[in-house]
Amino acid sequence: MIDKDEHNQIVEAGIDGEWRRLLKSHMESGSMAHLMAFLERRRRAGAVVYPPQKYLYAALRETPYEAVRVVIIGQDPYHGLGQAHGLCFSVQPQVGVPPSLRNIYRELTEDVGFHAPQHGCLSHWADQGVLLLNAVLSVEHGDPGSHRGCGWEGFTDDIIERLNEHSDRLVFMLWGSLAQKKAAQVNRQHHWVLEAPHPSPLSAYRGFFGSRHFSQCNRYLIDAGDAPIDWQLPDEPRAI
């Protein structure tokens, strides 16, 4: 089991600035200690856990609290070799684009004239204040949903509660029932919430396609006096 000092070192490497201050009490709680112990037990038992530990809190590291303008909530990380790197729906640049992300690209193309790149790395969005947060931050190889109910939900609930307190109005893009339930505590009078089915091949045809969330998001930001998100991804993404 990792001790408190080692856990604190992990946190220090992954969570900084205002996020660290806002989440400090949860990070030092018994529930978080139990979660870290669970992850360590699974690794010692031979389980391959994704993403690698250095990417566990990448969503928070790549999009500081004060920079958040848009929130996209995923389910749990991709469970294939080399895919997950801490940003929901995103994969490492050298990895093939997963089906759900291909569907996101398709909707972007229809909505805002997007040109799909050959990669699936979404760091360009994170750089602009799009928080790409999974509801559960870890998973085991080949076993989707394997770490649900193990403690991450309370941590990411805390993140969403802090976002709800954000002084600036945010856009929440919620795809699928899990994301929609996850953000149930968002004050819809203060923030704008867009909902659609999940972009997976099993559900995208039920209303994700044609939802036009990306253009709606930008119209909201512009009307609020903010800059729109440049959804177009560069051919060569910034690695995180």
Side-chain angles (χ1 to χ4, degrees), residues 1-44 49-77 84-88 90 126-127 129-140 145-174 178-193 240:
M1 180 186 299
I2 62 173
D3 60 25
K4 184 176 180 180
D5 289 340
E6 186 176 355
H7 176 239
N8 287 341
Q9 289 174 3
I10 295 170
V11 174
E12 292 279 330
I15 303 178
D16 205 352
E18 191 68 359
W19 280 126
R20 186 188 302 174
R21 184 185 72 79
L22 292 169
L23 300 173
K24 178 178 173 63
S25 61
H26 195 107
M27 296 304 303
E28 295 177 352
S29 68
S31 62
M32 202 65 176
H34 285 300
L35 173 58
M36 293 297 107
F38 162 76
L39 293 177
E40 182 63 15
R41 286 197 305 273
R42 294 304 301 142
R43 292 189 181 100
R44 289 185 178 181
V49 177
Y50 300 133
Q53 194 159 276
K54 66 179 179 179
Y55 295 122
L56 201 55
Y57 303 108
L60 303 180
R61 183 177 67 243
E62 297 301 312
T63 308
Y65 178 82
E66 56 272 20
V68 176
R69 300 191 290 146
V70 178
V71 182
I72 297 177
I73 301 175
Q75 298 185 58
D76 51 5
H85 64 158
L87 308 182
C88 74
S90 181
D127 291 341
V130 180
L131 181 66
L132 297 163
L133 179 70
N134 276 312
V136 174
L137 300 190
S138 62
V139 72
E140 293 180 22
S146 50
H147 287 186
R148 293 180 190 176
C150 297
W152 282 123
E153 290 85 352
F155 178 62
T156 52
D157 278 347
D158 197 16
I159 292 172
I160 294 168
E161 289 174 9
R162 299 296 169 260
L163 290 167
N164 189 49
E165 299 165 358
H166 204 289
S167 58
D168 296 324
R169 290 185 291 176
L170 304 178
V171 180
F172 286 81
M173 300 168 70
L174 308 179
L178 180 61
Q180 290 157 18
K181 291 176 183 176
K182 191 73 181 169
Q185 70 266 42
V186 172
N187 183 345
R188 297 181 183 228
Q189 295 182 334
H190 187 68
H191 304 293
W192 199 35
V193 177
I240 66 170

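Please read these numbers as outputs of a predicted model, since none were measured by experiment.
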Worksheet item: Any donor-acceptor pair under 3.5 Å linking the side chain of K182 with the backbone of Q75?
Response: no
Practice prompt. Rounded to the nearest 0.5 Å, what's the gap from CG on N187 to CZ on R169? Could you check?
Written response: 11.5 Å
Item to complete: Using a 4.5 Å cut-off on heavy atoms from C-beta on, say whether the side chain of L163 contacts that of Y65.
Response: yes
Item to complete: Could you tell me which non-hydrogen atom of A84 sits nearest to which non-hydrogen atom of P51, and how far apart they are?
Response: O-CB, 3.6 Å
Worksheet entry | Within 6.0 angstrom of Q185 CD, more than 12 heavy atoms from elsewhere | yes
Item to complete: Rounded to the nearest 0.5 Å, what's the gap from CD on E153 to CG on D158? Could you check?
Response: 13.5 Å
Worksheet item: Hey, are the side chains of F38 and H34 touching, using non-hydrogen atoms and a 4.5 Å cut-off?
Response: no
Item to complete: Please lay out, stage by stage, how T63 and V130 fare under the test side chain to side chain contact (heavy atoms under 4.5 Å, CB included).
Response: CA-CA 7 Å; T63 308; V130 180; 6.0 Å; no
Discussion item. I want to check something: taking the side chain as every heavy atom from C-beta on, are H166 and H190 in contact at a cut-off of under 4.5 Å?
Written reply: no
Worksheet item: Where do S146 and C150 come nearest, in terms of heavy atoms and distance?
Response: O-SG, 4.2 Å
Worksheet item: How many angstroms lie between SG in C88 and CG in L133, if you round to the nearest 0.5 Å?
Response: 7.0 Å
Discussion item. Please give me the minimum heavy-atom distance between W19 and V68, naming the atom from each residue.
Written reply: CZ2-CG2, 4.1 Å
Practice prompt. Find the distance between CG (L60) and CG (L132) and round it off to the nearest 0.5 Å.
Written response: 11.0 Å
Item to complete: First locate atom CZ of R148, then atom CG of L178, and finally report the distance between them rounded to the nearest 0.5 Å.
Response: 6.0 Å
Worksheet entry | Minimum heavy-atom distance between R162 and L22, given as atom pair plus value | NE-O, 3.4 Å
Discussion item. Side chains of T156 and I73, heavy atoms from C-beta outward: is any pair under 4.5 Å?
Written reply: no
Worksheet entry | Test item: L174 and V186 side chains (from C-beta on) under 4.5 Å apart, heavy atoms | no
Worksheet item: Are any non-hydrogen side-chain atoms of V49 and H147 less than 4.5 angstrom apart?
Response: yes
Discussion item. With heavy-atom distances below 4.5 Å as the criterion, would you say the side chains of R69 and V171 are in contact?
Written reply: no
Item to complete: Just say parallel, tilted or perpendicular for the rings of F155 and H26, cut-offs at 30° and 60°.
Response: tilted
Worksheet item: Going by heavy atoms in the side chains, are W152 and L39 under 4.5 Å from each other?
Response: yes
Response to the item:
Looking only at heavy atoms, the pair that brings V70 and M173 closest together is CG1-SD, 3.6 Å
Worksheet item: Can you tell me how far CZ of R43 sits from OG of S138, rounded to the nearest 0.5 angstrom?
Response: 7.5 Å
